[in-house]
Amino acid sequence: MFNIIKSQNYSLRRDLMVVLTILTAIALPFLGIYFTRMMQEIDFSNITGSMYHTLLNEDIVAFNLFIIMIFAAKTVGGDSSDKTINYELMNGHSREKVFFARVINGFFWSVIFVMITIFLPYVVVCYINGWGDNCSLNEMLIRNGLLFFPILRLSALFMLITVLADSCGAGIGVSYLIILIEAVFDSVLDASKDKGEYFYLFSLSNITKLTEVNNSWQTVKEGRVINWFDFSTNSEMIRNTCFISLVMAAIYIMGAYLYFKKKDKG
């Protein structure tokens with residue numbers, strides 16, 4: 001399995017679409033900082049980690065859905081049009097190893113790498129300007145850390161779709177359609193009186209709940225009026241986010257594996 005992972009990573013790193021996606025994922029938060037600073041006429045020295053979290057994190061995470069989509073589809077379906085899988089099977093690798101090697105790569109690029117790019121701008125901005133006074137550092141770490149679970153679930157869904165479509169392009173297209181449908185349902189749920197009970201239903205609504213602010217108010221600190229944003233969590237949010245995401249991700253991956261195992265490769 002390790003040789004398959006190594007070989008696929010070698011091919012992925014030389015894929016122009018993957019390279020552009022990697023560069024975009026890394027550059028996007030800093031481009032967001034640049035344009036926000038220009039539009040709101042904020043000096044860069046005033047952009048702290050907490051200000052970045054309140055102004056940009058939600059939008060950056062939303063855009064990362066496309067990054068996740070591309071990586072998930074590329075890793076499990078990027079070579080579906082050639083004979084790579086057939087060669088791997090002919091060389092004695094089991095279908096299980098061939099499939100899960102791609103899934104491991106998919107999770108690395110679409111979950112681990114994306115999580116790194118989500119936290120990277122905080123490290124850079126905090127190193128230069130500090131954390132600031134707009135929200136709690138611990139609350140940010142918990143919220144962004146919890147993003148791992150719905151992102152894992154979403155990545156598994158995109159991989160399932162790509163395996164069923166047996167095409168990277170079709171996988172991305174159908175996955176994008178799924179995101180649009182979830183966005184519509186998320187809007188409907190957001191208008192519901194009982195929206196708190198339903199936001200775990202979809203990965204997108206779960207991600208939205210984790211990135212949005214609970215409440216905000218003005219307070220005085222050391223003679224300065226500051227805007228404070230509440231990103232606190234409760235045990236139900238943490239428990240349901242972790243449990244439901246892991247269960248759904250396992251269901252998606254097992255469904256994809258069962259289909260892949262029975263499907264004849266041409």
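Cluster membership for Y127 and L120, using ILVMFWY side-chain heavy atoms within less than 4.5 angstrom, is shared. Hydrophobic clustering (ILVMFWY, side-chain heavy atoms < 4.5 Å, transitive): L31 and F63 are in distinct clusters. Both L246 and I151 are assigned to one and the same hydrophobic cluster, defined by single-linkage of ILVMFWY side chains at heavy-atom distances under 4.5 Å. V247 is connected to M237 through a chain of hydrophobic side-chain contacts under 4.5 Å among Ile, Leu, Val, Met, Phe, Trp and Tyr, so both are in one cluster. Linking ILVMFWY residues whenever their side-chain heavy atoms come closer than 4.5 Å, directly or via other members, places Y122 and I128 in the same cluster.
Put simply, the side chain of T48 gets close to the backbone of W131: a donor and an acceptor are under 3.5 Å apart. Here the side chain of T24 pairs a donor or acceptor atom with the backbone of L20 at under 3.5 angstrom.
No close placement of the F229 and H53 rings is indicated, their centers lying 6.0 Å or farther apart.
A cation-pi arrangement, defined by a distance under 6.0 Å to the six-membered ring centre and an angle within 45 degrees of its axis, is absent between R102 and F99.
The shortest non-hydrogen separation linking N134 to N227 is ND2-O, 3.1 Å. Minimum interatomic distance between R143 and L210 (heavy atoms only, all atoms of both residues): NH1-O, 2.9 Å. Nearest heavy atoms, I226 versus D133: CD1-O, 3.2 Å. The shortest non-hydrogen separation linking V163 to Y259 is O-CE2, 3.5 Å. Counting all heavy atoms, side chain and backbone alike, V103 lies closest to I253 at CG1-CD1, 4.0 Å. Summarising the geometry of N144 relative to M115, their closest heavy-atom pair is O-CE, 3.2 Å, with the distance given to 0.1 Å.
Residues C242 and L146 form a side-chain contact, since some pair of their non-hydrogen atoms from C-beta on lies under 4.5 Å apart. Looking at heavy atoms from C-beta onward, T117 lies out of side-chain contact with P29 at the 4.5 angstrom threshold. No side-chain heavy atom of I112 sits less than 4.5 Å from a side-chain heavy atom of F107. Between T21 and D15 there is no side-chain heavy-atom pair separated by less than 4.5 Å. By the 4.5 Å heavy-atom criterion applied to side chains, W228 and S136 are counted as neighbours. Contact check for V76 versus F158: no side-chain heavy atoms found under the 4.5 Å cut-off. Counting heavy atoms from C-beta outward, I179 and L154 have side chains that approach closer than 4.5 Å. At a threshold of 4.5 Å between non-hydrogen side-chain atoms, the residues L56 and I33 count as touching.
Atom CZ of F185 sits in a sparse spot, with 12 or fewer heavy atoms from other residues, nucleotides or ligands closer than 6.0 Å. Residue-environment remark: CZ (F30) exceeds the threshold of 12 foreign heavy atoms within 6.0 Å.
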Given T54 and V213, is the side-chain contact (heavy atoms from CB on, under 4.5 Å) satisfied, shown in steps?
CA-CA 8 Å; T54 59; V213 64; over 6 Å; no

Could you check S232 against D230 for side-chain hydrogen bond (donor to acceptor under 3.5 Å, both in side chains), going step by step and ending with a plain yes or no?
CA-CA 6 Å; S232 60; D230 175 24; 2.9 Å; yes

Run the side-chain contact (heavy atoms from CB on, under 4.5 Å) check on I161 and Y252 step by step: do they pass?
CA-CA 9 Å; I161 291 170; Y252 294 147; over 6 Å; no

For side-chain contact (heavy atoms from CB on, under 4.5 Å), just list the numbers for E58 and E212, CA-CA rounded to whole Å, side-chain angles, deciding distance to a tenth of an Å, and then say yes or no.
CA-CA 7 Å; E58 184 174 3; E212 70 181 9; 4.2 Å; yes

Given side-chain contact (heavy atoms from CB on, under 4.5 Å), test I118 with I60 step by step and report yes or no.
CA-CA 8 Å; I118 287 174; I60 297 301; 5.6 Å; no

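Under the 30°/60° scheme for interplanar angles, the aromatic rings of F66 and Y176 are found to be tilted.
How far CD1 of I70 is from OG of S110: 11.5 Å, rounded to the nearest 0.5 Å. The distance from atom CZ of F202 to atom CE of M248, rounded to the nearest 0.5 Å, is 10.0 Å. For the atom pair I67 CD1 and M69 CE, the distance stands at 10.0 Å (nearest 0.5 Å). Rounding to the nearest 0.5 Å gives a distance of 4.5 Å between CG of N240 and OH of Y200. With rounding to the nearest 0.5 Å, the separation of OG in S203 from CG in L147 is 11.5 Å. Atoms CE and CG, from M254 and L160 in turn, are 12.0 Å apart once rounded to the nearest 0.5 Å.
Residues passing the ring pair (Phe, Tyr, Trp, His ring centres under 6.0 Å) test with F71, sequence neighbours excluded: W109, F113.
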